[in-house]
Amino acid sequence: MKPKYTRLRGVRDILPEELIHWRDVELKAREIFRRYNYKEIETPIIEPAEIFIRTVGEETDIVRKEMYIFKDRGDRLVALRPEGTAPVVRAFLENKLYTPGKVSKFYYIGDMFRYDRPQAGRQREFHQIGIEALGEASYILDVEVISLLLSFLNELGLKNITLLLNSVGCPNCRTVYSSALREFFASRVEMLCEDCKERLGRNPLRILDCKVDTCRDIAGDAPSIMDYLCEDCKEHFDKVKEALTSAGIPYILDNRLVRGLDYYTKTAFEVKAEGFDFSIGGGGRYDGLVKELGGPDIPGIGFAIGMERLLEVLEGSGLLLSKMEVPDYFIAYEPDLVRDAIIFAERLRSRGFTVEISYTSKALKSQLREADRSKSRKAVIIKNELWINNRVILKDMTTGEQQEVESIKLEVCKFE
RNA sequence: GUGAAUGUAGCUCAACUUGGUCAGAGCGCUGGACUGUGGAUCCAGAUGUUGGGGGUUCGAGUCCCCUCAUUCACCCCA
């Protein structure tokens, strides 16, 4: 049978067996967030498109061609959220959660939408686990956020995670750097690939992480942002690096690390797993974002982890171990005892057991086949001659051993 | 948005360069051997508008065109 309706491109169903692993990961995340005192927040999937356009940046690909954007029936321009930071900041301001001198720390787990062509590690609907810490400019927070991220991955069992680190400066020094880059590349424009020629006008920083060899070679001689950081940004970055080093957190400086959203300032970072091309998460500071959304001038920092990507890495590393739970009992019965069987099943369920029952009242043979397929640990067989004495047959489906027991025993005993 | 590959039973895939017993296998499913006790073995059986549409041909999963979908890469990113 061919399905009449199928899912939209780029979205997928997460089936029970896989979802188990999602919940494991989420559980671990919540546990870590608790230890760092982050509180969960949930924002709508749909938002005024404006908040993304303003913060992510009009010239970014996300806004130019990847937003699910449309007008609702009230003629409002709305968007399915392409990322989590702007909504959290919006909620933070709208609910007046800020108090001077206090840091607000949030985490979220939810789905995001970007209208991309699907490929490995990329879907149109994808899920992120992210945090946002608002109200503190100190480098100490940067280090804590990075440390949280690495602890999380570490405690999931991942080794060989590399932390890539950069500073993207602030609007002041980045502008200077940007024009220096533009000047540099403009003199070599004829050697750049078509994409980079485009990037030269739009965002010269992007040329730095072009994959074309000739562009890479040229970019190798390009000026480094480290020579352009202003005093404040430089000092901040130095302190972050020092603190990471003294905390024993290894990192790789990557001056070509360019985050894709305009709101980032100062510290920018990504985490990658060995053997996987994509990064599984990234983040950074965004000290101007709250103000950009109409709030006070308070700083922020956060990161987001791609759930699907993380799971792919965990899968590839053999770290997905949880299995689906199987029923404790399967109730099989002689047909005229259906009602008794139903009631007995309910009693066991009310004691906390997972109980399946045959829905077909078929021959015992096929009921036991059902028991086998349901992967139940034990079968309970209810037969007339025993049932009148409140006894049932308890069969261990693994060993095949069976014994007569009092039915009440199953209710009061803990499952062995 | 650009480029490439793929699209055959529920699942994994055959049927090849050479259009003509080509609509198949394994797994799974149903039933039987086992007459009220699952799994193992053996035997039997069901299932497909070969993604969809059009064309070439006496004849097309097999060739051509269009379309849809999937996968991968680019752009970009989680």
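We name chains A, B, ... by the order of the sequence lines, and we start the count at 1 in each one. All values below come from the heavy atoms of this structure, side chains included, with hydrogens, waters and symmetry mates left out.
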For [X], report the nucleic acid contact type (base, sugar-phosphate, nothing); a contact means any heavy atom under 4.0 Å.
| X | answer |
| --- | --- |
| A/Gly130 | nothing |
| A/Thr398 | base |
| A/Glu198 | nothing |

- Just do the salt bridge (Lys or Arg N to Asp or Glu O under 4.0 Å) check on A/Glu370 and A/Arg373 with the steps written out, would you? CA-CA 5 Å; A/Glu370 289 177 60; A/Arg373 294 210 181 125; over 6 Å; no
- Task: Respond yes when some side-chain nitrogen or oxygen of A/Lys395 is under 4.0 Å from OP1 or OP2 of B/U37, and no when none is.
- Result: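 Result: no.
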In whole angstrom, give me the gap between the [atom1] atoms of [N] and [M].
| N | M | atom1 | result |
| --- | --- | --- | --- |
| B/G48 | B/A9 | C1' | 5 Å |
| B/C13 | B/C72 | P | 14 Å |
| B/U8 | B/G61 | C1' | 6 Å |
| B/A69 | B/G51 | P | 16 Å |
| B/A15 | B/U30 | C1' | 27 Å |
| B/U17 | B/C27 | C1' | 30 Å |
| B/G28 | B/A46 | C1' | 13 Å |
| B/G38 | B/G24 | C1' | 32 Å |

- Item | Ring-face cation of A/Arg188 near A/Phe184 (centre distance under 6.0 Å, axis angle within 45°) |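 Judged by the rule, A/Arg188 and A/Phe184 form a cation-pi pair.
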- Message: Cation-pi check for A/Tyr115 against A/Arg124: NZ or CZ below 6.0 Å from the six-membered ring centre and within 45 degrees of the axis, yes or no?
- Response: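 Yes - A/Arg124 lies over the ring of A/Tyr115, closer than 6.0 Å to its centre and within 45° of its axis.
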- Message: Anti or syn, where syn is a glycosidic angle within 90° of 0; which label fits B/G61?
- Response: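 B/G61: syn.
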- Should we say atom NZ of A/Lys375 is surrounded by more than 12 heavy atoms from elsewhere, each under 6.0 Å from it?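 Not buried by this count: 12 neighbours or fewer within 6.0 Å.
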- Item | nucleotides 72-78 of chain B: protein proximity per nucleotide (B base, S sugar-phosphate only, - neither; heavy atom, under 4.0 Å) | SBBBBBB
- Task: Write down the partner of B/C13 under the Watson-Crick or G-U wobble criteria, each distance required to be under 3.5 Å.
- Result: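 By the stated definition (distances under 3.5 Å), B/G24 pairs with B/C13.
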- Message: Using whole Å, what does the distance between atom C1' of nucleotide B/G39 and atom CD of A/Glu401 come to?
- Response: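 One finds 15 Å between C1' of B/G39 and CD of A/Glu401, rounded.
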- On RNA chain B, nearest-nucleotide positions of A/Ser376 versus A/Arg12: which is more 5'?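 Upstream on the strand: A/Ser376.
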- Task: Return yes if the base of B/G39 and the side-chain atoms of A/Asp372 contain a donor-acceptor N/O pair under 3.5 Å, otherwise no.
- Result: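 Counting by modelled atom types and ignoring angles, no donor-acceptor contact under 3.5 Å is found here.
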- Message: Check this for me: does any side-chain nitrogen of one of A/Lys28 and A/Glu31 sit under 4.0 Å from a carboxylate oxygen of the other?
- Response: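 Answer for the salt bridge query: no.
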- Query: Is A/Glu47 salt-bridged to A/Arg90, cutoff N-O under 4.0 Å?
  - Reply: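 Yes, this pair counts.
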- Message: Classify the ring geometry of A/Tyr228 against A/Tyr177: parallel below 30°, tilted from 30° to 60°, perpendicular beyond 60°.
- Response: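 If you compare the ring of A/Tyr228 with that of A/Tyr177, the planes turn out tilted.
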